[in-house]
> 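Sharing a structure, written as structure tokens. Questions coming.
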Amino acid sequence: MKESSLAYAKINISLDIISKMDNGYHNLKTIMQTVCLFDEVTIECSPGEGVKVKTGLPYIPNDARNIAGKAAVAFFDASNIKGYKTEISINKKIPVCAGLGGGSTDGACVIRLLDKMFNTEHDSSSLERIASSVGSDVPFSLYGGTKLVEGRGEKISKIPPLPHCYFVICKPPFSCSTPELFGLVKCEKIRARPDTEGIIKSLEKNDINGVARRMYNVFEDILPRGRQEIAEIKSTLLDNGAQGSVMTGSGPSVLGLFTDKTKAESAFEQLKDTYKDCFLTETIDS
Ligand code: C5P
């Protein structure tokens with residue numbers, strides 16, 4: 001049995017941290033959006049046992065420590081399926097540790113593909129439970145599109161879709177550890193927060209400028225390093241006509257939102273020689 005699919009990256013239009021929960025995780029309020037930047041995931045199952053993940057990248061684990069491998073193990077456990085050797089090949093285009101949900105989208109893709117291959121017909125809440133056990137951003141990646149995501153990442157609500165637009169996404173050449181960044185959060189000290197309701201109202205009115213000028217990520221004020229470089233990328237994006245710019249997820253990638261493709265192309269041209277991980281992409285539906 002062999003199946004393939006594309007696994008799309010996500011960006012955070014806004015990211016707010018409401019409180020710390022007793023289990024150590026944080027209660028989030030974030031608007032996520034799928035963009036047309038993707039990994040290619042192929043799964044092959046044959047009689048035997050074990051899960052292997054091939055990415056061709058030496059710094060990514062090649063077994064169940066990889067989020068795609070972990071997703072396969074969680075899926076088989078939840079479905080009571082045994083006796084299959086599983087090989088997952090991932091052609092990675094989404095940069096890792098970038099705030100673009102690359103690992104999470106691969107994990108969600110594996111769950112969807114295995115559900116199809118084994119005809120397991122899990123209902124959506126069962127798939128969400130499996131996804132949630134793999135990682136906080138994995139449930140969103142099962143659906144994609146434009147969603148309000150709350151709690152640890154498991155509460156997903158439909159909101160009006162972001163009108164079609166372009167994003168220039170640029171990852172500076174350093175990484176942010178998500179657990180380290182969450183460890184630095186002191187909820188009572190967060191002074192500026194995104195206007196999430198204002199963004200949702202703008203989406204209801206199809207007002208993309210209203211969305212763009214409200215984009216905000218509380219992690220930007222907590223970053224232990226790299227703020228100067230992030231500010232410089234933002235300036236380049238805004239100087240080239242972005243209607244708004246924000247860091248995505250736990251960073252360090254920065255995005256600029258454009259409705260004008262020509263302006264997006266010129267911002268991309270300005271940044272692409274300095275930054276190896278620079279992309280011109282656009283919205284894609286769920
Ligand atoms: O769930 P996931 O493995 O993606 O989370 C990585 C780390 O991010 C967790 O260990 C935790 O430190 C932090 N986290 C959090 N609150 C969330 C999501 C993640 O504190 N809602």
Side-chain angles (χ1 to χ4, degrees), residues 7-34 39 41 51 53 55 59-61 63-75 77-78 88 90 92 94-112 127-144 147-157 171 174-190 193-194 196 216-225 247-253:
Y8 290 93
K10 63 85 184 158
I11 54 169
N12 299 76
I13 297 289
S14 66
L15 194 156
D16 199 1
I17 303 173
I18 308 299
S19 57
K20 187 165 183 182
M21 299 189 274
D22 292 342
N23 61 10
Y25 282 89
H26 292 79
N27 186 16
L28 307 177
K29 191 168 193 172
T30 173
I31 296 178
M32 293 192 188
Q33 170 68 46
T34 312
D39 292 342
V41 179
V51 174
V53 184
T55 61
Y59 47 87
I60 298 184
D63 52 25
R65 285 169 302 156
N66 182 300
I67 195 159
K70 200 174 160 192
V73 171
F75 175 85
D77 285 350
I88 305 169
I90 309 177
K92 290 240 29 115
I94 307 170
V96 298
C97 294
L100 294 166
S104 302
T105 191
D106 295 343
C109 188
V110 165
I111 293 168
R112 274 192 278 106
L127 288 177
E128 285 170 25
R129 255 196 315 278
I130 300 170
S132 200
S133 75
V134 178
S136 301
D137 285 349
V138 185
F140 165 78
S141 301
L142 281 177
Y143 303 111
K147 298 282 185 307
L148 172 67
V149 178
E150 296 172 284
R152 198 195 120 206
E154 78 288 5
K155 285 188 209 154
I156 300 178
S157 312
K171 179 187 173 289
F174 59 88
S175 289
C176 297
S177 148
T178 304
E180 181 195 352
L181 216 49
F182 271 111
L184 295 171
V185 173
K186 297 210 171 23
C187 290
E188 67 289 354
K189 293 212 167 136
I190 297 177
R193 293 179 179 277
T196 314
Y216 195 79
N217 180 345
V218 297
F219 273 134
E220 283 187 45
D221 301 326
I222 298 165
L223 281 176
R225 66 193 85 86
M247 186 178 88
T248 174
S250 53
S253 304

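Just so you know, ligand 1 is whichever comes first in the structure, and atom 1 is the first atom listed for that ligand.
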> Using a 4.0 angstrom limit on heavy atoms, which residues are close to ligand 1?
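For ligand 1, the contacting residues are G24, Y25, H26, L28, G135, S136, R152, T178, P179, F182.
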> Compile the donor-acceptor pairs under 3.5 Å between side chains in residues 21-32 and protein atoms, sequence neighbours left out, one pair per line.
{"residue": "N23", "atom": "OD1", "partner": "Y25", "partner atom": "N", "Å": "3.0"}
{"residue": "N27", "atom": "OD1", "partner": "G151", "partner atom": "N", "Å": "3.4"}
{"residue": "N27", "atom": "ND2", "partner": "S19", "partner atom": "OG", "Å": "3.4"}
{"residue": "K29", "atom": "NZ", "partner": "E197", "partner atom": "OE2", "Å": "3.0"}
{"residue": "T30", "atom": "OG1", "partner": "N12", "partner atom": "ND2", "Å": "2.8"}
{"residue": "T30", "atom": "OG1", "partner": "S14", "partner atom": "O", "Å": "2.7"}

> Does the side chain of F219 come within less than 4.5 Å of L184's, by heavy atoms?
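No - every pair of side-chain heavy atoms lies 4.5 Å or more apart.
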> Could you tell me which non-hydrogen atom of E220 sits nearest to which non-hydrogen atom of M247, and how far apart they are?
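Minimum heavy-atom contact is OE2-N, 2.8 Å.
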> Show me the donor-acceptor pairs, under 3.5 Å and distance only, between side chains in residues 95-112 and residues at least two apart or in other chains.
{"residue": "T105", "atom": "OG1", "partner": "Y8", "partner atom": "N", "Å": "3.2"}
{"residue": "T105", "atom": "OG1", "partner": "Y8", "partner atom": "O", "Å": "2.7"}
{"residue": "D106", "atom": "OD2", "partner": "K92", "partner atom": "NZ", "Å": "2.9"}

> I'd like to check P194 versus L15 (side-chain heavy atoms, cut-off strictly below 4.5 Å). Are they in contact?
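With C-beta onward as the side chain, the pair stays apart.
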> Would you list the pairs meeting side-chain hydrogen bond (donor to acceptor under 3.5 Å, both in side chains) in which at least one residue belongs to residues 131-142, sequence neighbours left out?
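Checked against side-chain hydrogen bond (donor to acceptor under 3.5 Å, both in side chains) - neighbours excluded - the pairs reaching residues 131-142 are S136-R152.
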